[in-house]
Structures are given as C-alpha cells and as structure tokens.
2 protein chains.
Amino acid sequence: MTSLYSQDISGIFSAACGAGGLPEAGFDAVCGEAWAALQRLRREHAEGAPLMRHAFRDEDLPAIEAAARNLSGRGSRILAIGTGGSSLGARTLCATAPARRTIFVENADPDTVARTAASDIAGSAFLAVSKSGATAETLAVFAQYWAAAADALGPAEAAARFLVVTGPQESPLRRLARRHGIEILDHEPDVVGRMAILANVGLLPAAIDGVDVRAVRAGARSVAEQALSAPAAADCPPALGAAMQVALMRERGARASILMPYADRLAEFSLWYCQLWAESLGKAGCGSMPYPALGMVDQHSQLQFWLDGPPVGVYTIVDLPPAEAPPLRFDESGLDWLDGRTLGELMAAAAQSTARILEQNGRPVRRIRLSAARVDAEAVGALAMHFMLETALAGYMLGVDPYSQPAVDAGKALMRDFLSKSGER
Amino acid sequence: MTSLYSQDISGIFSAACGAGGLPEAGFDAVCGEAWAALQRLRREHAEGAPLMRHAFRDEDLPAIEAAARNLSGRGSRILAIGTGGSSLGARTLCATAPARRTIFVENADPDTVARTAASDIAGSAFLAVSKSGATAETLAVFAQYWAAAADALGPAEAAARFLVVTGPQESPLRRLARRHGIEILDHEPDVVGRMAILANVGLLPAAIDGVDVRAVRAGARSVAEQALSAPAAADCPPALGAAMQVALMRERGARASILMPYADRLAEFSLWYCQLWAESLGKAGCGSMPYPALGMVDQHSQLQFWLDGPPVGVYTIVDLPPAEAPPLRFDESGLDWLDGRTLGELMAAAAQSTARILEQNGRPVRRIRLSAARVDAEAVGALAMHFMLETALAGYMLGVDPYSQPAVDAGKALMRDFLSKSGER
C-alpha cells in the first residue's frame with residue numbers, strides 16, 4: 001500500500017532553525033542508535049511482544065464487533081467508564097466517527113456523574129474498563145451507575161446493560177462484575193494501557209461509534225510492516241522520529257515535545273500522545289514534557305510563548321492536504337488573500353506558516369502530513385503505530401523501560417490512606 | 001464577603017519539597033517586588049486601566065443580558081465563532097452552566113464547519129467574535145455559516161440570527177456585518193482578548209447558557225477588592241502567587257506552570273489559563289510553559305513523568321471541599337477503603353495525595369481550595385481575577401508587558417502570503 005503519511009525532519013537541523021537545531025553532521029550516530037533499538041524491537045516482536053501484535057491480528061475482531069453490536073443495541077448512548085489508557089486510545093479512534101454515541105466518563109467528579117446518571121439512565125448502556133480492576137475512580141463511578149441502573153431497571157436488566165473489560169487476574173472490578181452477572185472481556189495482561197489503542201480497549205468503543213476498526217488495524221499494519229522491513233533507520237519514520245527526539249534532548253536540552261495537529265479530529269489524539277510520551281519516558285530523570293496543542297487554535301494561545309519565550313523543545317506539526325471544497329467568496333477590500341480559498345487551504349497555509357515562523361525563531365520543527373484529505377480510521381491507525389514505535393524506540397535509546405509506570409503506585413497508596421482518614425472526621 | 005478560596009504556598013519551600021523548593025529565607029525580597037508591582041497595578045487601576053474594570057462595573061450588564069436573551073430566542077443552539085481570547089474565557093464560564101447551548105467553533109476545520117452547518121442551520125443562531133475584526137479563521141467560518149444561513153433562511157432572517165462582537169475600528173468583520181445588516185457590539189479596544197473574560201466577550205455566551213453573570217462579576221470583585229486594599233503582598237493571594245512563580249523561575253529554573261483542577265467544570269478554565277500565562281509572559285526569553293492538566297484524570301497520564309522525569313516547574317492543584325452526598329457502598333473484600341466514602345471525598349483525597357507525593361519527589365506545589373463544594377459562577381469569577389492579577393504582576397516583576405503579543409503578527413503575514421500562493425497552483 002502507499003504510505004498513509006509523510007514525515008519531514010529537515011526543520012530540526014540548524015540549517016533550518018539556527019542554533020536551536022541540530023548539526024546535520026552528528027545525526028548519523030544517533031540514527032545508528034535508533035537502528036539498534038529497532039533491531040531490538042524486531043527481535044521482541046518475533047518473540048511475541050505486544051507492541052505490534054494487533055496490527056497483524058484479525059481473528060479477535062469478530063468478538064469485538066459482536067460485543068460492540070450487543071452493547072449498542074442496549075442503549076442509545078454508551079457511558080464509558082475508565083481513565084488514562086482505558087479511555088484516551090478509544091477517544092482517539094471515536095474522534096474519527098461520523099457521529100459519536102460513546103460518552104467517556106474519565107473522572108470521579110460527583111457533578112459529572114450525578115448529571116449523567118440523572119439523565120436517561122433507561123436509555124443508557126455502560127462499559128467499564130480497568131486493566132488492574134482496582135482503579136479507584138473507575139470502581140467508584142461504576143458503583144454509582146450500577147446503583148442508578150439497578151434501581152431504575154432492576155438488577156437483571158441492568159446487568160445486561162453493562163460490559164466490563166479488565167485483566168484476567170482476580171480484582172475488585174472482576175468480582176463485582178461476576179457477582180452482578182455482568183459480561184467480562186479480558187484486557188490482555190501484557191498490553192500496557194497507553195499502548196492498548198489497537199486492542200479491545202480502544203476498538204470496542206470505536207466499533208460502537210461506527211468506526212471501521214479493520215481500517216484502523218490496516219493503517220497501523222502499514223507502519224508496522226515498514227518498521228519490520230526498512231533497510232535503515234532513515235527508511236523508518238518512527239526510528240527517525242526517535243533519533244530526532246533523543247538527539248534534541250541530549251544536545252539541545254529539549255524539555256518538551258509539542259504535538260500540534262491541524263485537524264479537530266486529532267485533538268483527542270494529542271491527549272493520547274501526551275500520556276504515551278510522558279508515562280513511557282518519564283523515568284529516572286529522563287523524558288520530556290508533552291503538550292497537547294491544536295492548530296490553528298493554539299496560534300491564538302501558545303504561539304507567542306513558543307516564538308519569544310525560552311526555547312522549550314521540539315514541535316511536531318501534523319496537517320493534511322486540502323480537500324476539494326467550494327471556495328470562500330469575499331468582495332470586501334482587504335480580504336483578497338482569503339477570497340477564492342477554501343477552509344482546507346487556510347488550515348494548510350496556517351500549518352506551513354507556523355512551521356516556518358517557528359524555525360525562523362530558532363525552534364526545531366518536524367512536519368507530518370497525512371496523505372488523505374480527511375482524518376480517517378486508517379490514518380489514525382497509522383499515526384498511533386508511528387508514535388507508539390517512536391516512543392518505545394526513544395525509551396530503548398534513553399535506557400528506560402517504556403512499558404512501566406512505577407512512580408504512580410506510591411501515590412495510590414497514599415490516596416487510600418487519606419481516604420480512610422477522611423472517614424474518621 | 002468571606003473569601004471564595006484559600007491559597008497555600010507552603011509546598012513550594014524546601015521544607016516541604018527539598019532541593020526543588022525555595023528557601024524560606026529569601027522569599028521576603030521577592031514579596032517586596034510583588035508588593036511594588038501591586039502598587040503599580042493599583043495606580044493603573046486608579047487611572048482607568050482595564051484589568052479590574054469589569055469587576056466594579058454593572059451598568060453594562062443589562063445590555064449584555066438583553067443581547068443574550070435576544071440571540072437565545074433566535075435559535076435552539078448558538079454557534080460561537082472565535083478563537084483564543086474570543087472563546088476561552090466564555091468557555092470557562094459556560095462550563096459552570098447547568099446545561100450548555102453554545103457550541104464553540106474555534107477552528108477553521110472544514111470537517112467541523114461542514115458537519116455543524118449541515119445539521120439544523122434553521123435552528124441555529126450565530127455569534128462571531130474577533131477583536132481585530134481580521135482574524136482569518138473567524139472571517140472564513142463566518143462566511144461559511146453566513147452563506148449556509150442566508151441560503152436556508154434568506155438574508156433578512158439570517159441577519160437576525162447573527163450577532164458580531166468586534167473592536168470599534170474599521171475592519172473586514174465590521175464591514176461584512178454592516179453590509180449584511182447584522183447587529184454589532186463593541187469589543188472594548190483597551191481590553192486584551194485573554195483578559196476579556198469579564199467583558200461582553202466572556203459574559204455574553206455565559207448569559208446565553210444561563211450562567212449568573214452578576215455572580216461572576218461579584219466573585220471577581222471580591223478578589224479585586226482584596227488586591228486593592230491588602231496591607232502587604234502576603235495578604236494578597238495573587239501577589240503571593242506571582243512572587244512564587246517568579247522566584248521559582250529565577251532560582252530553580254522553573255520552565256513550566258502546571259494547573260491541575262480537580263473538577264470537570266474547571267477543565268476549560270485550564271485552557272483559558274494556558275493562554276493567559278503563555279501569551280502574557282512569553283516574551284524576550286521570559287515566561288514558562290503552562291500545562292492544562294485535570295485531576296484525577298492526569299494522575300493516569302502525566303503523573304509518572306511529573307514524579308520521575310526531569311523537574312519542569314511548579315504545580316498548582318485546585319480542589320474543593322466534598323459535598324454532602326450518599327456514600328458509596330461496597331461489601332467486596334479489598335474495597336473497605338472506598339466503602340462509605342463519597343465521590344467528592346475521593347477527589348479531595350486524590351488532590352491531597354497528589355500534592356503530597358509531588359512534594360515528596362521534590363516538586364514545588366501550590367494548593368488552592370475553593371470554599372464552596374461546587375464550582376459555581378462566583379468561584380470561577382474569583383479564580384479568573386486571581387490568575388489575571390497573578391499573571392500581570394508576574395509580568396511587571398519580570399519586566400515584560402503582559403498586555404501585548406507582538407510575536408504572532410509575523411506569522412499571520414506569512415500565512416497570508418502562503419495562502420495567496422496556494423491559489424496559484
């Protein structure tokens with residue numbers, strides 16, 4: 001298949017962005033490191049590692065599609081309970097749906113839960129996702145919705161409205177689901193949440209919202225195949241991306257990775273990326289701070305700081321070719337530059353000018369352009385695989401384990417402690 | 001009136017967070033600078049400066065409320081066209097509404113515009129906001145909606161469905177509105193967009209969505225009054241906040257300001273803050289990178305990086321006291337810590353434990369707690385005034401003009417140039 005996107009890293013070199021950029025001379029060495037990391041990824045893939053597994057799998061899709069159809073038939077809206085890796089991948093995919101039915105309830109905010117529980121419980125179905133089965137807010141929100149649904153519909157009908165996705169080990173969520181007679185799908189135990197976008201965690205809500213989940217996998221597969229077969233790092237965009245990120249961290253002190261897609265349908269993709277990048281690499285003093293920007297919107301919010309504040313890191317601008325569309329018509333003086341153009345041309349010109357002005361101000365810029373004029377399921381699958389590979393490769397190069405998140409567990413223990421004490425007031 | 005929130009900066013000192021924090025010893029000096037900056041703000045306010053103007057004004061409210069009623073009566077949904085300072089303040093306020101009718105169209109994304117224009121144009125009314133009257137995406141989206149509405153309803157009825165807010169100077173948007181017979185409200189020329197949340201720009205959509213705009217102003221007034229009368233910087237929370245931010249930038253190299261409210265209703269407030277902080281201070285190498293976090297959600301996304309990645313800056317955790325609510329009931333083993341608690345208690349315990357664990361990992365933390373158990377119009381007005389004052393004071397202390405955004409204009413010229421050329425394909 002032809003490539004679903006192209007990547008241009010010329011804007012990260014000092015020829016484009018001056019002293020803020022990398023000298024071209026030393027880049028071969030870091031590409032060599034990326035190549036070694038890619039070899040490791042290939043070995044691990046051959047041994048069954050999960051990162052690219054779902055790109056080459058389709059035998060699990062009928063079960064996912066059947067579960068989606070079943071839950072879809074039980075309610076006109078789906079309340080999806082889960083957070084982090086249990087929501088952001090699914091949101092990324094659902095953003096490409098023609099119409100959205102799944103409402104993601106990611107927080108334990110009492111106001112949000114009360115509002116959603118008060119409106120149309122009888123027309124709702126529920127999906128609860130937690131790999132550990134012990135996530136406090138997922139359990140708490142599940143309990144509130146369960147109580148409301150069981151009260152309104154009776155326990156048997158309520159149970160038919162719920163579906164749980166959780167790891168196969170014993171857990172509070174699994175025990176609750178079993179006791180209530182709720183169907184359970186397994187979260188694959190070796191798939192980390194932030195990299196589960198292509199597994200049932202991501203695909204189930206997408207299928208509910210009408211996204212072509214086979215196209216998502218096909219898009220991811222095209223990137224994975226290239227990663228498995230490329231003869232050099234320079235022929236593998238995720239490896240080049242990892243090389244660029246690591247070199248800018250080391251040689252230019254890059255502290256941030258700003259992702260700025262010029263498409264509303266990629267706004268939630270930016271949020272998914274921010275978890276992926278932060279949680280995978282933020283270990284032992286490594287990593288850089290992601291930022292979920294959106295073009296053109298953040299030109300009117302963050303651009304002043306990016307251009308004239310202290311240099312913070314590297315910018316990734318994602319855009320797409322303008323679709324055919326009726327042109328805008330203005331016969332006002334002073335608007336001849338806009339007359340006859342389309343919204344898509346405006347977005348593309350904004351992406352191009354923002355990239356250029358960032359470079360002119362000494363900021364390194366990587367550009368990614370989708371091949372299609374629309375952000376579809378296939379393109380998002382490709383972008384997801386690109387950034388999962390880039391992140392894992394960067395982790396290998398930095399010497400951190402991209403698949404763990406050890407620091408957050410201490411906070412959870414502390415929270416339980418505070419919560420126990422809050423009851424003793 | 002009693003204070004609508006409290007601020008606790010003890011977590012920014014090395015006694016709480018070790019080497020990442022400030023020594024208490026030198027903090028008096030920077031508080032002295034904040035005090036001098038506050039004196040300047042007071043002088044400017046006495047001379048008519050706009051920053052606190054709307055907190056003490058109510059004679060403009062009847063006109064805003066009447067315009068809101070009028071536009072509300074013309075459509076069941078309101079499409080609000082505008083971006084940056086023309087949308088984020090309004091979104092912040094609308095997030096406290098019992099139900100939202102205003103849909104913010106901030107981007108020139110052809111997909112979004114086509115989707116919204118295709119559905120129910122006949123049931124829509126339109127608000128277009130641009131201070132300059134020359135914002136490319138606002139003009140372009142306005143033109144698309146105008147064409148669709150004029151086509152569906154005829155130009156006279158379409159004109160009655162539109163309202164424009166723009167600066168009093170001649171501009172393309174003003175000329176278009178005049179030619180179509182659309183009502184125009186003036187954007188006050190000396191109010192910068194990101195600080196216009198209390199002006200008609202922010203209040204009009206809020207009033208449309210049913211927010212008590214007088215309560216917004218009252219909340220802001222309580223903070224402004226304190227800023228005008230406090231006998232020392234230590235008695236003025238925004239001055240203390242500015243002192244803290246500036247000291248951490250200078251002495252600990254803080255590069256980021258992470259805002260993490262534990263309430264869904266403050267998620268859009270975080271976006272507004274990110275523009276305010278970035279665009280006001282990001283000049284001449286000054287400023288720090290804001291991040292729009294949301295508690296508890298970002299505990300499952302960013303916390304690993306915050307705890308174990310490189311230190312990036314200062315964390316502001318905003319929470320509220322738990323409301324009275326029916327307790328959660330679990331009789332599962334292993335869930336006794338959650339049994340009998342409420343969602344609000346869970347959120348508060350999460351905020352407390354996240355603050356503590358950040359401090360334990362050497363990260364400076366400021367805490368803000370609302371006095372009410374609900375994020376209402378008054379509380380948001382108070383927070384908005386707090387952060388506008390803190391930002392302006394920090395600008396004065398850093399020696400940058402917090403009311404300008406000079407760097408973004410070069411990008412706009414470049415975009416027009418690219419756009420003109422894109423038509424020559």
Side-chain angles (χ1 to χ4, degrees), chain A residues 83-84 106-110 112-113 137 140 143 172 175 255 264 275 278-279 282-283 285 287 289 296-297 300-305 307-310 312 325 328 332 334-335 337 340-341 343-347 349-350 352-354 356-357 405 407-408 410-411 414-416 418-420 422-423, chain B residues 83-84 106-110 112-113 137 140 143 172 175 255 264 275 278-279 282-283 285 287 289 296-297 300-305 307-310 312 325 328 332 334-335 337 340-341 343-347 349-350 352-354 356-357 405 407-408 410-411 414-416 418-420 422-423:
Chain A
T83 189
E106 299 173 290
N107 218 350
D109 186 305
T112 302
V113 174
E137 51 269 56
R175 282 194 296 274
R255 294 286 189 92
D264 289 345
Q275 179 189 3
E279 207 169 46
K283 284 150 205 172
M289 185 172 161
M296 316 174 47
V297 172
H300 300 273
S301 170
Q302 298 305 302
L303 188 58
Q304 167 69 37
F305 170 74
L307 294 174
D308 203 25
V312 290
L328 297 163
E332 283 296 322
L335 287 182
W337 55 277
R341 303 283 88 80
L343 291 180
E345 287 173 341
L346 176 59
M347 292 285 275
Q352 189 181 1
S353 58
T354 299
R356 186 70 60 83
I357 198 89
Q405 52 286 333
V408 296
L414 201 59
M415 183 182 74
R416 292 178 187 199
F418 282 134
L419 198 55
S420 300
S422 80
Chain B
T83 188
E106 299 173 291
N107 218 350
D109 186 306
T112 302
V113 174
E137 51 269 55
R175 282 194 296 273
R255 294 286 190 93
D264 289 346
Q275 179 189 3
E279 207 169 46
K283 284 150 205 171
M289 184 171 160
M296 316 175 45
V297 171
H300 301 273
S301 170
Q302 298 304 302
L303 187 58
Q304 167 69 37
F305 170 74
L307 293 175
D308 203 25
V312 291
L328 297 163
E332 283 296 322
L335 287 182
W337 55 278
R341 303 283 88 78
L343 291 180
E345 287 173 340
L346 176 59
M347 292 286 275
Q352 188 180 3
S353 58
T354 299
R356 185 70 60 84
I357 198 89
Q405 52 286 332
V408 296
L414 202 60
M415 183 182 74
R416 292 178 187 199
F418 282 134
L419 198 56
S420 300
S422 80

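All chains are named by letter (A, B, ...) in the order of the sequence lines, taking the proteins before the strands, and each is independently numbered beginning at 1. Because the structure is predicted, anything quoted here is derived from the model rather than measured.
Looking at B/Ala325, neither its backbone nor its side chain comes within 4.5 Å of chain A, counting heavy atoms on both sides. Heavy atoms of B/Leu303 lying under 4.5 Å from chain A belong to its backbone as well as its side chain. With a threshold of 4.5 angstrom between heavy atoms, B/Met347 approaches chain A through side-chain atoms but not through N, CA, C or O.
Here the CD atom belonging to B/Gln405 is positioned 11.5 Å from the OG atom belonging to A/Ser301, to the nearest 0.5 angstrom. Distance CZ/A/Arg341 to CG/A/Leu328: 9.5 Å, rounded to 0.5 Å. Considering OG of A/Ser353 and CZ of B/Arg416, their distance stands at 11.0 Å, rounded to 0.5 Å.
Of the listed residues B/Gln304, B/Met415, B/Gln352, the one with more heavy-atom pairs under 4.5 angstrom with chain A than any other is B/Gln304. With respect to chain B, the highest number of heavy-atom pairs below 4.5 Å among A/Gly84, A/Ala108, A/Gly344, A/Gly334 belongs to A/Ala108. Ranking A/Val312, A/Thr83, A/Asn107 against chain B, the residue ahead of the rest is A/Asn107, based on heavy-atom pairs under 4.5 Å. Of the residues considered (B/Ala140, B/Gly411, B/Gly287), B/Ala140 shows the highest number of contacts with chain A, using heavy-atom pairs under 4.5 Å. Counting heavy-atom pairs closer than 4.5 Å to chain A, the top-ranked of the candidates B/Arg255, B/Met289, B/Arg356 is B/Met289. Chain A forms more heavy-atom pairs under 4.5 Å with one residue of B/Leu346, B/Thr354, B/Asp264 than with any other, namely B/Asp264. Among A/Pro110, A/Gly285, A/Ala278, the residue making the largest number of heavy-atom pairs under 4.5 Å with chain B is A/Gly285.
Side-chain atoms of B/Asp308 and A/Lys283, non-hydrogen and from C-beta on, do get closer than 4.5 Å to each other. At a threshold of 4.5 Å between non-hydrogen side-chain atoms, the residues B/Met296 and A/Asp109 do not count as touching.
Counted by atom type alone, A/Glu137 and B/His300 present one or more donor-acceptor pairs between their side chains at under 3.5 Å.
The shortest non-hydrogen separation linking B/Ser420 to A/Trp337 is OG-CB, 3.8 Å.
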